[in-house]
Amino acid sequence: MRLSKSLVPTLREDPADAEAISHKLMLRAGLVRQLAAGIYVWLPLGQRVLDRINAIIREEMNAIGGQEMTMPVLHPAEIWRDSGRWDAIGPEMFRLKDRNDRDMCLAMTHEEVIAWLAAREIRSYRDLPQIWYQIQTKERDEARPRSGVLRTREFVMKDSYTLDPDVAALDRSYAAHEAAYRKIFDRCGLTYRVVQSDTGMMGGLGAHEFMAPSAAGEDEIAICGGCGYAANVELARGVPEAPVFPSWTREEVATPNARTIAEVAAFLKIDPRLTIKSLLFVAPKAGRVLVLVRGDHNLHERKLARALGEEARPGHPEEVLQHLNAPVGSVGPVGARVPILADEALREGTYVVGANREGFHLRGVVPGRDFQARFVDLHAVAAGEACGHCGKALEVERVIEIGNIFKLGTKYSEGLNAKYLDESGQERPIVMGSYGIGPARIAATAIEQGADADGIVWPASIAPFDVHIVLVSLRDQAQIAAAESIYAACRAAGLQALLDDRDERPGVKFKDADLLGVPVRVTVGNALAKEGVVEVKERRAPRREQRVAPGAVVEAIRALAR
RNA sequence: CGGGGCGUAGCGCAGCCCGGUAGCGCACCGGACUGGGGGUCCGGUGGUCGCAGGUUCAAAUCCUGUCGCCCCGACCA
């Protein structure tokens, strides 16, 4: 590709709207442009990166027997009603009506279509297993699109779906996907971990996520250096260190104007770990619940939802006053006339809690003796807590979710009547799995993990080009001739080549070359006239460089790649 | 949905508090010089100041409403 004739709109300055490194660089390097919140145009260079990522995905999916297909983006409501998700999903689904006033929606994902198709085409155990996949656009009206292409409302996703006769076969399909995913992310040059993840409110038989460490990530995982335990913090259990409990006798103490844990602890001159945080939640079915975590801990609302079996919302201050007869800052479990859910860290010990009386707390409260509660894991795991398996300290790391694998089970096959006849002629539901990868997230993650102060540093496997040829001066006929011959030679050798043949000053060209991050740069400049050589230099530190005759460039590039 | 911030030329920003000719840098166009890390000089093009109302002799500036975008949180089956 010739830069002089291409749309590669590089930006000298950071765009005002971008925060994440990958977001800034994808805009500056001319990979993408934003059309609206969470909706992006992929420009030619960005498209090339996506194409290479998708090619890798296709190879590895085909290698485990995956069959690619194309599915509709526009769906009838009917199949979503059959699975129960038409009503279960809220405003995140784009909904519309056709000219005959029929309910339609835009595809957020394709379990329903797969199950619909399986219901029609799969009859016998002889038809199983199957792996079907697609690389297609999905639409989700995200509450908050953010971080460039990391979280968008319209995005391309590789989704595959497995159809198996039973759970044992599902386990094999699942393992095949995990192995394929490792190959895909390895080939894309990413650093990542595989962690246990939440199966969510919709159930499922198990799930893992592929998580790439990055400051731009939206998720956190807990990892153990000792035994290798790794899980999303939505799920991760840590054992916090217990404080030394004083031998308090139970008594009411005045705590004027002390409402927050920090204020109460400071006023009583005690460790915040000796206090209990009491939060009123309201759930649709369970009703009001008082939720307790240790003073220094934060409630993880996802864990609460799992414990309750439904989503709960924090109670309003008026509700707290009405049901507990105390303002928010003085609420506690003793004498509370609502069910109590307490974090496991509170099983042992003696604590300070709100007295349900404004301006007072109770000191010396013993869970189990002074109030009854159901104990479950509720607190968000923090770095330094002990691993539940081996006792070593856990680390907490910010990550980007680049892929997930999920054992669905029979939820969708039952809803959409996808059944088969087994060897004994018995009708049974197909057991499904679903497996996603976000190609745009792979691109953004590669930038997050590889970029330096000068710009993008692409992994060679997914770079938009293999070689970036900088023709320094258009006024030197010898340079032009050499650059053209190198460009032709690279292409003949099967290398994707970008030729910077713009009439720009050298500094501009070098800056742009660094910004674009193509793995190898070939500079055709002064050294040609002086010494008859061009420079072949790698983008990634330590930026090794070779000076070779124009005819030896392809060989030199190959040598650098080794 | 809650909290915060921002909409002024293609991009990055100043001007707004205190109403009175719409500015700067980069980019772009023409010219000259220059030519290995975003070069210099000269001359230009380009803006209904997000939109709609209102106040005023006069609104980018004050008031009301509205739309859009970003960040934090909630949400992400």
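Numbers restart at 1 for each chain; the letters A, B, ... are given by sequence-line order, proteins then strands. Owing to the predicted nature of the structure, the values given are computational and were not obtained by experimental measurement.
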#### Entry: Members of residues 433-456 of chain A that approach RNA chain B, where some heavy atom sits under 4.0 Å away
none
### Message
Quick check: on RNA chain B, is the nucleotide nearest A/V508 upstream (toward 5') of the one nearest A/A16, or the reverse? Name the residue that is more 5'.
### Response
A/A16
Atom pairs, N/O to N/O, protein against nucleotides 40-44 of chain B, distance under 3.5 Å?
none

### Rounded distance in Å between the P positions of B/U55 and B/C1
32 Å
### Task
Have a look at A/R153 and say if it touches a base, only the backbone sugar-phosphate, or nothing, with a 4.0 Å heavy-atom cut-off.
nothing
#### Entry: Distance, C1' atom - from B/A58 to B/G39, rounded to whole angstrom
45 Å
### Query
Could one point to a donor on the side chain of A/D512 or the base of B/G38 with an acceptor on the other under 3.5 Å away?
yes
### Nearest-angstrom distance, C1' atom, B/C13 to B/C49
14 Å
### Task
Mind checking A/R313 for me? I need base, sugar-phosphate or nothing, with any heavy atom below 4.0 Å counting as a touch.
nothing
### Query
What nucleic acid atoms does A/E301 come within less than 4.0 Å of, heavy atoms only: base, sugar-phosphate, or nothing?
sugar-phosphate
### Task
Output the residues of residues 531-539 of chain A in contact with RNA chain B, where contact means a heavy atom of the residue under 4.0 Å from an atom of the strand; sort by number or write none.
A/E535
### Message
Within the 4.0 Å heavy-atom criterion, would you say A/T523 contacts the bases, only the backbone, or no part of the nucleic acid?
### Response
base
### Query
In residues 289-300 of chain A, what residues come within less than 4.0 Å of RNA chain B, judged by heavy atoms?
none
### Message
Between B/A59 and B/G50, how far apart are the two P atoms, rounded to whole Å?
### Response
15 Å
### Within 6.0 Å of CD1 in A/I21, more than 12 heavy atoms from elsewhere
no
### Message
Taking 4.0 Å as the cut-off, does a side-chain nitrogen or oxygen of A/R505 come that near to OP1 or OP2 on B/G37?
### Response
no
Side chains of residues 277-288 of chain A: which donor-acceptor partners sit under 3.5 Å, not counting sequence neighbours?
unit_1 : atom_1 : unit_2 : atom_2 : d
A/K277 : NZ     : A/H297 : O      : 2.7
A/R288 : NE     : A/H323 : ND1    : 3.3
A/R288 : NH1    : A/H323 : NE2    : 3.4

### Query
Between A/F210 and A/F185, is a ring-ring contact (aromatic ring centres under 6.0 Å, His included) present by the stated rule, with each step listed?
CA-CA 9 Å; A/F210 290 72; A/F185 297 128; 5.4 Å; yes
### Query
ring-ring contact (aromatic ring centres under 6.0 Å, His included) with A/H468: which residues, sequence neighbours excluded?
none
### Query
Distance only, no hydrogens: is a donor on one side chain within 3.5 Å (strictly under) of an acceptor on the other, for A/E111 and A/T109?
yes
#### Entry: Parallel, tilted or perpendicular: ring planes of A/Y435 versus A/Y174, cut at 30 and 60 degrees
tilted
